[in-house]
Amino acid sequence: MNNKRRIVLFLMNLITSLVLLSGCGIGPTTKTIIIPGQEDVHVEEPNSHPFQVNKIYRLPDEITSSSPLLGWSSSKAVLAVSQNAGITGQTELRRVVHPYEQSKVVPGIDNIDAQMLLSPDGKNVSQIVRSASEITLKIISLTDGHQTEVAKISTNDPYFLQDVSWSGNSKFLSYLLLGYQGDEYSRLRSYNVEAKTTKSYTLAALAPEGTVLTMKMSNDGGSVLLAINPPGRYGRTNLLVGTVHGDTIKIQYERERAGEQYAWLTTDQFVFLGTDGTLYIYDKRSSELSILLEKVNYFQLSHDKKSIAYSLYDQD
């Protein structure tokens, strides 16, 4: 997902979180749908309703000018990468808390860049540090600044770093290594933050399906969602569900013409957006595909996976 879309989704989440229902005269801008249940999802009669904006908080100028928003580090604190006002070309990580009037630099973190990814629990950020000879992937604690090296890739290695993503419970930081010289070098690696171990899975068997673009590991590390560009179909994205078997990934389900938005709902269920604007839920235990919503433009799950914020094609 590109930076522009990430920012749009984040802003939608920001407004949703700050909203209180009121009788204001402005029209609805998005809707929130409540997903009942824990492991099983029932979508027959969703509790969906429009909301009206009661109050919008303006972020400080140093954040809104040109700063990529990383996300919520807590229920009332937002993180952003900002340009240092005193040193040209230098960036810094800043935190702004409710009522969002002033921001403060998060100390102890260097080499700040917009490629940082905030973990869903708001406790860590991933960071890619590049030099002339190598690329290093790190995890940095926002509590004490402690850095953990996840991977170090030499420029002489036969692959390059393609994508980095957190699992929904922040337990796994996963990344793709795609081969320069052939798919036999391509790997998906997943770092277990709690156990401090890395597992590597070959992607050579997926070569006939196309080029892997992005992926997201499930909360238990046993399954993975893969967005793939099929051979000879530039601009098209297929979605694959893979199950981990040893050091390989076995494909369980494939959806052609899926959109670029997808997310795990539980360890066995995920939601994804089709190119026709239909939002689906798939249960890999029963192989059941259900329609949740139609004419959806963007969506984002809440951290507790009980709600979906979304916008529609035919509404503001």
Exercise for the section: Mind checking the OG1-CD1 spacing from Thr136 to Ile153? Nearest 0.5 Å is all I need. Expected result: 8.5 Å
Practice task
Keeping the roles fixed (side chain from Asp304, backbone from Lys306), state whether a donor-acceptor pair exists under 3.5 Å.
Solution key: yes
Handout entry: Interatomic spacing from NZ in Lys123 to CG in Leu118 - rounded to 0.5 Å
Key = 12.0 Å
Handout entry: Any side-chain donor near an acceptor of the partner, Ser141 and Asp144, under 3.5 Å
Key = yes
Handout entry: Distance, nearest 0.5 Å, that separates CG of Leu70 from CG of Leu93
Key = 6.0 Å
Problem - Donor-acceptor under 3.5 Å (Thr267 side chain, Asp220 main chain) - result: no
Exercise for the section: Any chance you could measure Ser223, atom OG, to Gln269, atom CD, to the nearest 0.5 Å? Expected result: 12.0 Å
Fill in the blank from the handout: By side-chain contact (heavy atoms from CB on, under 4.5 Å), Gln162 pairs with (sequence neighbours left out) Phe160, Leu176, Leu178
Problem - For Lys284, salt bridge (charged side-chain N to carboxylate O under 4.0 Å, His left out) partners two or more places apart - result: Asp268
Exercise for the section: Measure the shortest side-chain to side-chain distance between Tyr191 and Ile139 over non-hydrogen atoms and say whether it is less than 4.5 angstrom. Expected result: yes
Completion exercise
Sorted by chain and residue number, the side-chain contact (heavy atoms from CB on, under 4.5 Å) partners of Pro99 (sequence neighbours excluded) come out as Tyr57, Glu101
Problem - ring-ring contact (aromatic ring centres under 6.0 Å, His included) partners for Tyr280, two or more places apart - result: Phe272
Practice task
Using a 4.5 Å cut-off on heavy atoms from C-beta on, say whether the side chain of Val241 contacts that of Arg255.
Solution key: no
Exercise for the section: Just jot down the side-chain contact (heavy atoms from CB on, under 4.5 Å) partners of Thr275, sequence neighbours excluded, or say none. Expected result: Arg257
Exercise for the section: Please name all residues satisfying salt bridge (charged side-chain N to carboxylate O under 4.0 Å, His left out) with Lys152, sequence neighbours left out, ordered by chain then number. Expected result: Glu134, Glu149
Exercise for the section: Decide whether Val97 and Val105 are clustered together by the hydrophobic rule: side chain heavy atoms of Ile, Leu, Val, Met, Phe, Trp, Tyr closer than 4.5 Å, transitively. Expected result: no
Problem - Residues that Asn156 engages under side-chain hydrogen bond (donor to acceptor under 3.5 Å, both in side chains), provided they are two or more places apart - result: none
Compile the donor-acceptor pairs under 3.5 Å between side chains in residues 166-175 and protein atoms, sequence neighbours left out, one pair per line.
unit_1 : atom_1 : unit_2 : atom_2 : d
Trp166 : NE1    : Leu117 : O      : 3.1
Ser167 : OG     : Asn169 : OD1    : 2.7
Ser167 : OG     : Lys171 : N      : 3.2
Ser167 : OG     : Phe172 : N      : 3.0
Asn169 : OD1    : Lys171 : N      : 3.2
Asn169 : ND2    : Asn219 : O      : 3.1
Ser170 : OG     : Asp121 : N      : 3.0
Ser170 : OG     : Asp121 : OD1    : 3.4
Ser174 : OG     : Ser190 : OG     : 3.1

Handout entry: Full working for side-chain contact (heavy atoms from CB on, under 4.5 Å) between Ile135 and Ile128
Key = CA-CA 7 Å; Ile135 298 174; Ile128 298 174; 3.5 Å; yes
Exercise for the section: For residues Tyr262 and Val271, determine if any side-chain heavy atom of one lies less than 4.5 Å from a side-chain heavy atom of the other. Expected result: no
Exercise for the section: Please report the shortest heavy-atom distance between Leu312 and Tyr310, naming the atom on each side. Expected result: CD2-CE1, 3.4 Å
Handout entry: Heavy-atom side-chain proximity of Leu273 to Thr278 below 4.5 angstrom
Key = no
Completion exercise
Residue set satisfying side-chain contact (heavy atoms from CB on, under 4.5 Å) with Lys295, at least two apart, ordered chain then number -> Asp314
Handout entry: Residue pair Lys76 / Tyr100, side-chain heavy-atom distance below 4.5 Å
Key = yes
Problem - salt bridge (charged side-chain N to carboxylate O under 4.0 Å, His left out) between Arg94 and Glu92, worked out - result: CA-CA 6 Å; Arg94 302 187 74 90; Glu92 52 198 10; 2.6 Å; yes
Handout entry: Contact summary for Ala258 and Leu239, nearest pair of heavy atoms
Key = CB-CB, 3.6 Å
Handout entry: Gap separating the CG atom of Leu226 from the CG atom of Leu213, nearest 0.5 angstrom
Key = 10.0 Å
Exercise for the section: Consider only side-chain N and O atoms of Gln127 and Lys138, and report whether a donor and an acceptor are under 3.5 Å apart. Expected result: no
Practice task
Identify the two heavy atoms, one from Pro208 and one from Ala205, that lie closest to each other, and give their separation to 0.1 Å.
Solution key: CD-O, 3.4 Å
Exercise for the section: Identify the two heavy atoms, one from Ile140 and one from Gly145, that lie closest to each other, and give their separation to 0.1 Å. Expected result: CG2-O, 4.0 Å
Problem - Pairwise side-chain contact, Ile281 with Phe270, heavy-atom cut-off 4.5 Å (strictly under) - result: no
Exercise for the section: First locate atom CG of Asp163, then atom OG1 of Thr214, and finally report the distance between them rounded to the nearest 0.5 Å. Expected result: 5.5 Å
Handout entry: Leu279 side chain near Phe299 side chain, heavy-atom distance below 4.5 Å
Key = yes
Handout entry: Heavy-atom side-chain proximity of Arg187 to Tyr159 below 4.5 angstrom
Key = no
Practice task
Decide side-chain contact (heavy atoms from CB on, under 4.5 Å) for Leu177 and Arg189; before the verdict, give the C-alpha distance in whole Å, the side-chain angles of both, and the deciding distance to 0.1 Å.
Solution key: CA-CA 8 Å; Leu177 298 176; Arg189 290 183 181 174; 3.5 Å; yes
Handout entry: Set of residues satisfying ring-ring contact (aromatic ring centres under 6.0 Å, His included) with respect to Tyr253, sequence neighbours excluded
Key = Tyr282
Exercise for the section: Answer yes or no: is there a donor N or O on one side and an acceptor on the other, between the side chain of Thr155 and the main chain of Ser133, under 3.5 Å? Expected result: yes
Handout entry: Any donor-acceptor N/O pair, Ser73 side chain to Gly122 backbone, under 3.5 Å
Key = no
Completion exercise
Taking every heavy atom of Pro231 against every heavy atom of Glu209, the minimum-distance pair comes out as CD-O, 3.4 Å
Exercise for the section: Over all heavy atoms of both residues, which pair between Val106 and Arg95 is shortest? Give the atoms and the distance, please. Expected result: CG2-NH1, 3.8 Å
Practice task
Evaluate the side-chain contact (heavy atoms from CB on, under 4.5 Å) criterion for residues Lys199 and Asn192: first the C-alpha distance (whole Å), next the side-chain angles of each, then the deciding distance (0.1 Å), finally the verdict.
Solution key: CA-CA 8 Å; Lys199 291 186 177 180; Asn192 188 318; over 6 Å; no
Exercise for the section: Any pair with a residue in residues 235-251 that passes side-chain hydrogen bond (donor to acceptor under 3.5 Å, both in side chains), sequence neighbours left out, goes on the list, sorted by first then second residue, please. Expected result: Asn238-Glu254, Thr243-Gln252
Exercise for the section: Might you work through the side-chain contact (heavy atoms from CB on, under 4.5 Å) test for Leu59 and Val96, ending with a clear yes or no? Expected result: CA-CA 8 Å; Leu59 295 176; Val96 53; 4.1 Å; yes
